Amino acid sequence: MTSMPPEERIGAYIKRAEQALLAAKNAACKPAAVTVPQYAALLWLAEKPGISAAALARLCGVTPPTMNTILKNLHERGLIERTPHEWHRNVLETRLTPEGRAAMELADTGAVRVETALAAALTDEERTQLIELLGRCAEVLDTLR
């Protein structure tokens, strides 16, 4: 017997929801032939063209080495272009290609369907409360690192 019953562990419920969300978004991104992390990178690149890999990693919630792998794969597929920064030659600016924009838009259509279905399952008050509670969970967990 453990000191805390499994059904009382909040982390298990958060993990279950995360896995269900990831599975739904993976299915939504499949027609665009991108993974969820690749889609997230493309989405942020559409919002912030020229962003550095390090800044993009922070926005996507992945490590810089992971982001470098994501960007390498997107570049090899012709979905992004990377060029040296005008003043900082060791910084590469990253932008979507037309093909990358098309892939992002296709994946985004599916991802928005997922987000819309999720939001529709909750009232406005519940959505606001869930966002606040998850934010509080993240703050607590950040202090435990």
Side-chain angles (χ1 to χ4, degrees), residues 1-83 85 90-145:
M1 181 98 144
T2 65
S3 60
M4 180 181 224
E7 62 273 4
E8 292 179 18
R9 297 175 188 228
I10 295 170
Y13 295 96
I14 292 172
K15 183 65 175 176
R16 181 171 175 235
E18 177 194 29
Q19 289 175 321
L21 177 62
L22 187 57
K25 284 204 173 174
N26 270 323
C29 290
K30 194 171 186 175
V34 296
T35 65
V36 173
Q38 289 172 339
Y39 159 67
L42 293 172
L43 184 66
W44 278 111
L45 285 168
E47 292 293 316
K48 299 180 177 288
I51 191 171
S52 71
L56 189 57
R58 286 189 292 278
L59 289 172
C60 292
V62 299
T63 64
T66 297
M67 182 51 65
N68 283 333
T69 300
I70 291 168
L71 293 176
K72 177 181 175 279
N73 291 334
L74 292 173
H75 187 261
E76 286 174 356
R77 291 187 50 209
L79 301 180
I80 62 169
E81 59 185 10
R82 303 187 78 194
T83 56
H85 187 277
N90 57 342
V91 173
L92 292 176
E93 293 183 322
T94 306
R95 289 185 171 71
L96 297 178
T97 62
E99 295 81 7
R101 181 162 300 281
M104 183 279 299
E105 289 172 355
L106 182 58
D108 195 49
T109 298
V112 167
R113 274 196 306 272
V114 171
E115 294 285 349
T116 301
L118 185 56
L122 304 170
T123 66
D124 289 345
E125 184 179 320
E126 288 170 332
R127 280 191 300 277
T128 299
Q129 186 177 26
L130 180 60
I131 290 167
E132 289 173 1
L133 291 171
L134 289 172
R136 194 178 331 158
C137 288
E139 288 172 10
V140 168
L141 295 170
D142 283 344
T143 67
L144 300 176
R145 289 191 219 178

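Since the structure is predicted, the reported quantities are computational estimates derived from the model, not experimental observations.
- L122 and E126 make their closest contact through CA-OE1, 3.3 Å (heavy atoms, listed as atom of the first residue, atom of the second, distance).
- Considering all non-hydrogen atoms of both residues, L42 and A103 come closest at CD1-CB, 4.4 Å.
- Here E8 contributes atom CD and S3 contributes atom OG; the two are 10.5 Å apart, rounded to the nearest 0.5 Å.
- One finds the CD atom of Q19 at 11.5 Å from the CG atom of N26 (value rounded to the nearest 0.5 Å).
- By the 4.0 Å N-to-carboxylate-O rule, R136 lies too far from E132 to be salt-bridged with it.
- Residues A107 and V34 approach most closely at CB-CG2, 3.9 Å, considering heavy atoms.
- Listed for the R77 side chain is a donor-acceptor partner under 3.5 Å among the backbone atoms of A33.
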Which atom pairs, donor and acceptor, lie under 3.5 Å between side-chain atoms of residues 95-102 and protein residues at least two apart or in another chain?
residue	atom	partner	partner atom	Å
R95	NH1	E93	OE1	3.4
T97	OG1	G78	O	2.6
T97	OG1	L79	O	3.2
T97	OG1	E99	N	3.4
T97	OG1	E99	OE1	3.2
T97	OG1	G100	N	3.0

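- Residues forming a side chain to side chain donor-acceptor pair (under 3.5 Å) with E115 (at least two apart in sequence, or on another chain): K25.
- Contact check for T2 versus R9: side-chain heavy atoms found under the 4.5 Å cut-off.
- For M67 against A53, the heavy-atom pair with the smallest separation is CG-O, 3.6 Å.
- The distance from atom CG of N68 to atom NE2 of H75, rounded to the nearest 0.5 Å, is 12.5 Å.
- The neighbour count for E47 CD, taken as heavy atoms of other residues, nucleotides or ligands under 6.0 Å away, does not exceed 12.
- Between the CG atom of L71 and the CD atom of Q38 there is a distance of 9.5 Å, given to the nearest 0.5 Å.
- Side-chain contact between C137 and I14 is present, with at least one heavy-atom pair separated by less than 4.5 Å.
- For E7, the CD atom counts as densely surrounded, since its 6.0 Å shell holds more than 12 non-hydrogen atoms of other residues, nucleotides or ligands.
- In this structure, the separation between CG on L134 and CD on Q129 is 10.5 Å, given to the nearest 0.5 Å.
- Listed by chain and number, the residues in a side-chain contact (heavy atoms from CB on, under 4.5 Å) with I51 are L45, K48, A55, L56, L59 (sequence neighbours excluded).
- Minimum heavy-atom separation, A28 to A111: CB-N, 3.8 Å.
- Within the model, atoms CG of L74 and CD of E81 stand 13.0 Å from one another, a figure rounded to the nearest 0.5 Å.
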